[in-house]
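Take a look at the structure set out below.
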Number of protein chains: 2
Amino acid sequence: MPRVRISDVAAAAGVSNSTVSLVMNDRDARIPVETQERVRAAAAATGYTPNSVARGLRMQTTRTIGLVSDTIATTPYAGRMLAGAQDVARQHGHLVILVDTGDDPEVERDAIRALADHQIDALIYACMWHRVVDAPAHLPARTVFLDCRPVDGGHPAVVPDDRAGGATAVRELVAAGHRRIAFVDVDEPNPPIASALRFAGYLEVLREAGIEPDPELHVHGATTTAAGGRSATELLLDLPEASRPTALFCFNDRMAAGAYVAARHRGLEIPRDLSIVGFDDQQLVAAELDPPLTTVALPHYEMGRWATEVALGVRTPDDPGAVHLMECPIIRRGSVSPPPAAGGDPDRRRT
Amino acid sequence: MPRVRISDVAAAAGVSNSTVSLVMNDRDARIPVETQERVRAAAAATGYTPNSVARGLRMQTTRTIGLVSDTIATTPYAGRMLAGAQDVARQHGHLVILVDTGDDPEVERDAIRALADHQIDALIYACMWHRVVDAPAHLPARTVFLDCRPVDGGHPAVVPDDRAGGATAVRELVAAGHRRIAFVDVDEPNPPIASALRFAGYLEVLREAGIEPDPELHVHGATTTAAGGRSATELLLDLPEASRPTALFCFNDRMAAGAYVAARHRGLEIPRDLSIVGFDDQQLVAAELDPPLTTVALPHYEMGRWATEVALGVRTPDDPGAVHLMECPIIRRGSVSPPPAAGGDPDRRRT
DNA sequence: CGTGGTTGCTAAAACGATTGAGCGGACTCA
DNA sequence: TGAGTCCGCTCAATCGTTTTAGCAACCACG
């Protein structure tokens, strides 16, 4: 059964194509209501909906946005960015064409070209984790960077405020009464940009609280995995009793999971003997840990929304040209309590 | 800078639009190489690529496929299905338009309509987890179901072979020497279809091994989470020593994670005191458990590929009309060993 | 009664590609 | 020499919309 075209509706209503188009798009107020109703009835009866391809050709806008990402869709990390983008797109009658490049520059180039050929109205260039990237060539004018920023600027971009997030995490620990707080960091050759930022937030709060940073408490795992977190935490627990930390701020939730393992092997109970806060709020790891992990959430959904709103032109960045920093809220679960010896505020237990 | 059109190339090469099109699409062998080269040079010089929208209108094919899903893209579960679909689509020069309906039937209806309006060449209807669904109305002829099957048939569908997967899991345990094997199941009001299937596989292997199924060893958690797995496992560990299981087959990896917690609280070491196999192979949980979890993988990537290949017509189902069952391979990590008392085959330790 | 304005609609030209039909010339062959 | 074939290309129609310009009829006004 072939699609019904505008001419079918026109025939059914006894008018011309033009009239049908005019009515369906509310374009010419001069058409009498009676005719309008006749046309609408015919459209409903035939089940007509305009062919978006033909319309796209004529109007030079396809109500379609492209989203190219390194591996966002195929890894469990950042799917919520997609959800945010989708929701906004749908609200504005747009469809999203998704291309996962698997970080292959050639695939990326082809994808951008193909998307341009398909006349997308805007492009979102997304990364799985906060990065600084070389903007690929031939980007459409309407391009927004999501969870990454182009090294040379030139396009709107949104990334998480990792520094402030790091500060939030450590502030939570300080508020619980901790003074010896370690930062469980990564030691990769190219550490994620978030590493330095979260560490900056850590230092900032220590200073704020009048705590002298102890270099011994800044440890590194080889990878951002549970294994990395575990080995780094073991370094900490090997320290003489007096200089051992009472709380850990872990670079991410996976490393925090490793810290749990290390602590458990020493017979330490969380949070009674050791408080831990993570970062990322990865449901599958943070919420399922025992006890559930207090962590700082990456605002993936909100970033996805923001990027899409500016891509569609329904939002203008406060400061176009600047990178938009999205706040990272803390998610309180059960891994923070006052330090063993110190008093702290009992109300903060298990918040 | 406006897009370069075919007429620009024609002008540059001193030929007509037709000739350019003919050359670019290798359609008319009669055009002399010399002219062909002139045209190609002009196309390269101007950076011409055909406008897909115009081509789509004329050719009635957009080289685009739609993928509607309940929540696949926004949850960490099944992103690999997307990867499989993407890879096949790209290999065949197609783009994928993704719509996540959030399980809202109205959104779903609108999405299918919008995709049809955009003249997608095929539609993939995907679910986050293995389900039997009522096929929505007005599906395009070229529709394939992914990780779900329409209750009334009528379209190709691919789902994991959960029964065989369950059998594989239990066979692994039997091979290690276990005889008292529990199934840690879910007890939700609408249990996932996979639950009954995996249980069927479990029973099948017990029968095969001449083991009498013990109803006491079929326990249920309230949810498919770690919490559910933990409470169900506690039931098992409360059993008198003699009737306690030496191995657990858990409905999924999250419940297996809960089983780890329950076991640890009793001072049981995995796999020495208790062997566990999970299901799903969720990287974030299975691989990061201590010890890493032996589990049966859901072949998400392969299913995504299969669905897309039949959607694009580059593969024909062996038995069109039948649901294609995709094999679930076992991923051996460290959570299976011979039972404490029994001997078993030492070679299978820590495989 | 001529002029100008409104009303209700339509014809036709885009948008940018693809493609079947066809044209003028050269060549072949009887 | 005339008919037929091939070569190398172009013309124009087509896909299904949107939209501008404008036609015909009618009315009002001076």
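Being a predicted model, the structure only gives us computed values, none of them experimental. So you know, we letter chains A, B, ... as the sequences are listed, proteins then strands, and number each from 1.
Not a single donor-acceptor pair, N or O on each side, falls under 3.5 Å between the base of dT19(D) and the side chain of S21(A). Donor-acceptor pairing under 3.5 Å, judged by distance alone, is absent between the side chain of S16(B) and the base of dC11(D).
Looking at which nucleotide of DNA chain D each of L22(A) and I31(B) is closest to, the 5′-most match is held by I31(B).
Among the protein residues, V53(B) comes within range of no part of the nucleic acid, since none of its heavy atoms lies under 4.0 Å from any strand. R58(B) comes within 4.0 angstrom of a nucleotide base, judged by non-hydrogen atoms across all strands.
Distance from the side chain of T35(B) is smallest to dC9(D) among dC9(D), dC15(D), dT10(D). Between dT19(D), dG16(D), dA13(D), one nucleotide has an atom nearer to the side chain of S18(A) than all others, and that is dT19(D).
Ion pairing between R149(A) and D134(A) fails under the 4.0 Å rule for side-chain N and carboxylate O. With respect to R55(B) and D117(A), no salt bridge is recorded, no charged nitrogen being found less than 4.0 Å from a carboxylate O.
Side-chain N/O atoms of Q119(B) include none lying less than 4.0 angstrom from OP1 or OP2 on dG16(D). In this model, the phosphate group of dT19(D) is approached by a side-chain N or O of R27(A) to a distance below 4.0 Å at OP1 or OP2. Residue T19(B) places at least one side-chain N or O closer than 4.0 Å to OP1 or OP2 of dT10(D). Note on N17(A): every side-chain N or O is 4.0 Å or more away from OP1 and OP2 of dT18(D).
Every ring-ring contact (aromatic ring centres under 6.0 Å, His included) that H324(B) has, sequence neighbours left out, goes to W306(B). Contacts of D8(B) classified as salt bridge (Lys or Arg N to Asp or Glu O under 4.0 Å), with partners at least two apart in sequence or in another chain: R5(B).
Checked by atom type, the side-chain pair S18(A)/S21(A) shows no donor-acceptor distance below 3.5 Å.
Of the possible donor and acceptor atoms, none in the side chain of R131(A) sits under 3.5 Å from a partner among the backbone N and O of C148(A). Using a distance-only test at 3.5 Å, with no hydrogens or angles considered, no donor-acceptor pair links the side chain of D147(A) to the main chain of V159(A). Under the 3.5 Å distance criterion, the side-chain polar atoms of Q36(A) are matched with a main-chain donor or acceptor of I31(A).
Side-chain contact check for L123(A) versus L115(A): some heavy-atom pair is nearer than 4.5 Å. Within the 4.5 Å cutoff, the side chain of D121(B) has heavy atoms near those of the T62(B) side chain.
When DNA chain C is scanned in the 5' to 3' direction for atoms under 4.0 Å from non-hydrogen atoms of chain A, the outermost contacting nucleotides are dT7(C) to dG16(C).
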Restricting both atoms to N or O, compile the protein contacts to nucleotides 22-24 of chain D shorter than 3.5 Å, with distance only.
from	atom 1	to	atom 2	distance (Å)
dG22(D)	O6	R30(A)	NH2	3.0

For residues 82-94 of chain A, please give each side-chain donor-acceptor pair under 3.5 Å, one per line with the distance, not counting sequence neighbours.
from	atom 1	to	atom 2	distance (Å)
Q86(A)	OE1	D100(B)	N	3.2
Q86(A)	NE2	L98(B)	O	2.7
D87(A)	OD1	R90(A)	NH2	2.9
D87(A)	OD2	Y301(A)	OH	2.6
Q91(A)	OE1	R305(A)	NH2	3.2
H92(A)	ND1	V88(A)	O	3.0
H94(A)	ND1	T64(A)	N	3.4

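In the helix from dC1(C)-dG30(D) to dA30(C)-dT1(D), the end axes, each obtained as the rotation axis mapping the C1' atoms of four pairs onto the next four within a five-pair block, lie 70° apart to the nearest 10 degrees.
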